[in-house]
Amino acid sequence: MSLQEAIQEFRSQFRGTVHEPGNISYEEARRVYNAMIDRKPRLIAQCTDVADAMAAVRFARANDLRVSVRGGGHNAAGLGVCDDGLVIDLAPINYVRVDPSSRTVLVGAGCKWRDVDHATHAFGLAVPSGIVSSTGVAGLTLGGGLGHLTRKYGLTIDNLLSVDMVLADGSFVVANAEENPDLFWAIRGGGGNFGIVTSFLFEGQPVHTVCAGPMLWNLEDAPDVMKWYRKFITQAPEEMNGFFAMMTVPPGPPFPEELHLRKMCAIVWCYQGPMEEANNILGPIRSYRPPAFEFFVPMPFPMLQGMFDPILPPGLQWYWKADFFKELSDAAIEKHLEHASLLPTWQSTMHLYPVNGKVNRVSETDTAFSHRDAVWSGVIVGIDPDPANRERIVAWAKGYYEALHPFGAGGAYLNFMMEEGEDRIRATYRANYDRLAAVKAKYDPDNFFRINQNIRPAASRDASTVG
Ligand SMILES: Cc1cc2nc3c(=O)[nH]c(=O)nc-3n(C[C@H](O)[C@H](O)[C@H](O)COP(=O)(O)OP(=O)(O)OC[C@H]3O[C@@H](n4cnc5c(N)ncnc54)[C@H](O)[C@@H]3O)c2cc1C
């Protein structure tokens with residue numbers, strides 16, 4: 001049977017939509033969040049349910065097609081889409097069901113975080129996630145998941161109870177603490193290496209209204225603010241989260257016009273508690289280095305989650321480099337200042353996300369996510385709408401990264417990496433890598449799922465290739 005005949009047969013068994021080159025819908029379906037990525041798959045299969053995902057895996061196997069798996073399409077390295085192969089796109093599987101009595105949240109693998117935030121907020125609950133609501137639940141969760149609730153409730157995977165999965169042979173399994181616990185261990189940080197997750201069952205946390213928003217300081221104050229922050233954020237109550245940013249002030253409200261497009265530093269806070277308590281906790285920084293501007297107010301949690309969406313729409317050029325950090329030395333702070341003053345475009349930025357509090361209390365071997373002892377996850381992001389600025393934003397991000405990398409803890413959050421090779425992946429998983437490779441050999445021995453931050457199956461490590 002020719003591939004074209006096989007595609008016809010596949011279409012007849014598949015309930016979702018199949019896009020091929022030449023279809024009007026194909027161009028839209030192959031597009032991902034990062035406009036730097038321009039891949040042309042042979043086929044895109046948008047699954048409506050688990051049966052579709054099983055059919056897609058079997059079809060790819062039978063026709064020897066490489067496969068990428070797509071959740072929200074936000075991966076900056078573009079790992080949700082591939083050239084010439086089959087994209088298994090979960091986007092239509094986008095239900096959220098909240099069970100208020102058990103405080104659990106069942107999420108289809110095609111959801112974005114805004115779908116989850118909307119559904120859970122009505123019940124006074126939230127699932128710890130990231131900071132941009134258009135990010136996919138699937139990729140973010142499988143890599144770990146860092147955001148505004150991390151210090152109090154841990155990584156997203158620390159709130160994951162169970163998953164439904166389709167494996168590389170097209171079979172269906174459940175993975176949780178009782179069923180297939182080795183697989184459940186591996187998918188909590190091990191990315192898309194082990195199969196297609198079709199649904200996630202999370203524990204919801206009691207979060208409704210938070211006191212949140214950014215405080216901004218002039219760049220000259222950045223060294224003093226950073227020195228204060230490095231101590232504060234490891235000792236503050238865990239209800240207080242705050243990520244540090246080097247940034248350019250967006251040219252619009254709520255920022256005053258005189259600050260528009262000025263390079264500054266910021267801390268974006270999220271406090272789970274009353275404003276009076278928050279103000280007491282933040283009093284010392286307000287009197288030590290009064291912010292040039294602040295927008296710190298009580299708000300519904302989904303509002304905070306959507307706060308950065310307008311400045312980060314899909315379709316921008318996007319390049320990032322990352323590292324974990326255990327300390328923020330005076331010498332590192334000098335480098336931060338030097339490179340922040342060179343921010344190449346107004347959307348480009350550097351963030352330091354706290355990886356402390358509850359995250360540190362889970363052991364390094366309890367889940368695949370190894371860097372539990374990090375204090376921050378740093379990411380340097382070059383962003384711009386204009387492809388002509390591509391080289392500029394890449395060069396700036398690389399230069400900043402090279403200056404800070406010597407201060408790193410080894411390894412980086414995989415969800416903040418481009419395709420950077422096996423050494424970086426090993427540095428990230430450290431002692432967990434060999435155990436991950438053994439789980440990979442059990443569930444995906446021929447590395448069928450290899451378009452990801454790839455963990456090679458233990459037995460065939462030398463034979464398989466990435467990409
Ligand atoms: C604007 C922006 C903000 C971000 N903010 C944060 C943040 O605050 N915190 C944070 O932790 N991360 C953040 N990230 C990083 C984000 O976690 C990763 O980009 C992640 O890969 C996005 O997941 P996705 O489902 O949208 O990606 P996709 O591109 O759809 O998929 C990425 C990879 O995940 C795997 N995958 C996806 N779906 C499945 C599935 N159903 N089953 C198995 N494997 C699957 C595959 O390997 C795939 O290649 C952000 C990214 C962007 C672009």
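Counting starts at 1 for both ligands and their atoms, following the listed order. None of the values given here were measured: they were computed from a predicted structure.
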Checklist entry - For the residue pair Y429 and Y433, does the interplanar ring angle fall in the parallel (under 30°), tilted (30 to 60°) or perpendicular (over 60°) class? => result tilted
Checklist entry - Does the N or O separation between V137 and ligand 1 drop below 3.5 Å for any pair? => result no
Item to check | Heteroatom distance test (L142, ligand 1): nitrogen or oxygen, under 3.5 angstrom | outcome: no
Item to check | Carboxylate-amine/guanidinium contact K40 D84, below 4.0 Å | outcome: no
Next on the checklist: If we only consider heavy atoms of W320, is any one of them less than 4.0 Å away from an atom in ligand 1?
Outcome noted: yes
Next on the checklist: Checking the N or O distance criterion of under 3.5 Å, is ligand 1 in contact with G130?
Outcome noted: no
Checklist outcome for this item: atom 32 (C) of ligand 1 sits nearest the protein heavy atom N75 CB, 3.5 Å
Next on the checklist: At less than 4.0 angstrom from any non-hydrogen atom of Y33, what atoms of ligand 1 do you find?
Outcome noted: 1 (C), 53 (C)
Item to check | Proximity flag F308 to ligand 1, non-hydrogen atoms under 4.0 Å | outcome: no
Checklist entry - Backbone or side chain, does any N or O of G73 fall under 3.5 Å from an N or O of ligand 1? => result yes
Checklist outcome for this item: Here the atoms of ligand 1 under 4.0 Å from any heavy atom belonging to I131 are 7 (C), 8 (O)
Checklist entry - How close does the nearest protein non-hydrogen atom get to atom 36 (N) of ligand 1, and which residue and atom is it? => result V69 O, 3.9 Å
Item to check | L79, N452, N415: member with heavy atom nearest to atom 15 (C) of ligand 1 | outcome: N415
Item to check | Test: D117 and K112 ion pair at under 4.0 Å | outcome: no
Next on the checklist: Looking at ligand 1, would G147 count as a contact under a 4.0 Å heavy-atom criterion?
Outcome noted: no
Checklist outcome for this item: For R70, the atoms of ligand 1 under 4.0 Å from one of its heavy atoms are 30 (O), 38 (N)
Checklist entry - Between the side chain of T141 and the main-chain N/O of V137, is any donor-acceptor distance below 3.5 Å? => result yes
Checklist entry - So is Y413 close enough to ligand 1, meaning a heavy atom under 4.0 angstrom away? => result yes
Next on the checklist: Show me which atoms of ligand 1 lie under 4.0 Å from any heavy atom of H74.
Outcome noted: 1 (C), 2 (C), 19 (O), 22 (C), 24 (P), 26 (O), 27 (O), 28 (P), 29 (O), 52 (C), 53 (C)
Checklist entry - Does G195 reach ligand 1, in the sense of a heavy atom lying below 4.0 Å from it? => result yes
Next on the checklist: With a 4.0 Å cut-off on N to O distance, would you call D158 and R361 a salt bridge?
Outcome noted: no
Checklist entry - Judged by atom type as modelled, is there a donor-acceptor pair below 3.5 Å linking the side chain of R39 to the main-chain atoms of G78? => result yes
Next on the checklist: Under a 4.0 angstrom heavy-atom cut-off, which atoms of ligand 1 come close to I451?
Outcome noted: 47 (O), 49 (O)
Item to check | Where ligand 1 meets I196 - atom numbers and elements under 4.0 angstrom, heavy-atom basis | outcome: 42 (N), 43 (C)
Next on the checklist: Taking only non-hydrogen atoms of G143, do any sit less than 4.0 angstrom from ligand 1?
Outcome noted: no
Checklist entry - Does the side chain of E203 reach to within under 4.5 Å of the side chain of V127, using non-hydrogen atoms? => result no
Checklist outcome for this item: Near A109 (heavy-atom distance under 4.0 Å), the atoms of ligand 1 are 41 (N)
Item to check | Test of proximity, G72 against ligand 1: N or O pairs below 3.5 Å | outcome: yes
Item to check | Basic-acidic side-chain contact under 4.0 Å: D83, R30 | outcome: no
Checklist entry - Quick check, are the ring centers of Y26 and H19 under 6.0 angstrom apart? => result no
Checklist outcome for this item: Near T135 (heavy-atom distance under 4.0 Å), the atoms of ligand 1 are 3 (C), 4 (C), 16 (C), 22 (C)
Next on the checklist: V197 versus ligand 1: do any nitrogen or oxygen atoms come within less than 3.5 Å of each other?
Outcome noted: yes
Checklist entry - Would you call W318 a ligand 1 contact, heavy-atom distance under 4.0 Å? => result yes
Item to check | Min N/O separation L146 to ligand 1 under 3.5 Å | outcome: yes
Item to check | The one among A138, G139, S129 that brings a heavy atom closest to atom 34 (O) of ligand 1 | outcome: G139
Checklist entry - Once the angle between the rings of H405 and Y401 is folded into 0 to 90°, is it parallel (under 30°), tilted (30 to 60°) or perpendicular (over 60°)? => result tilted
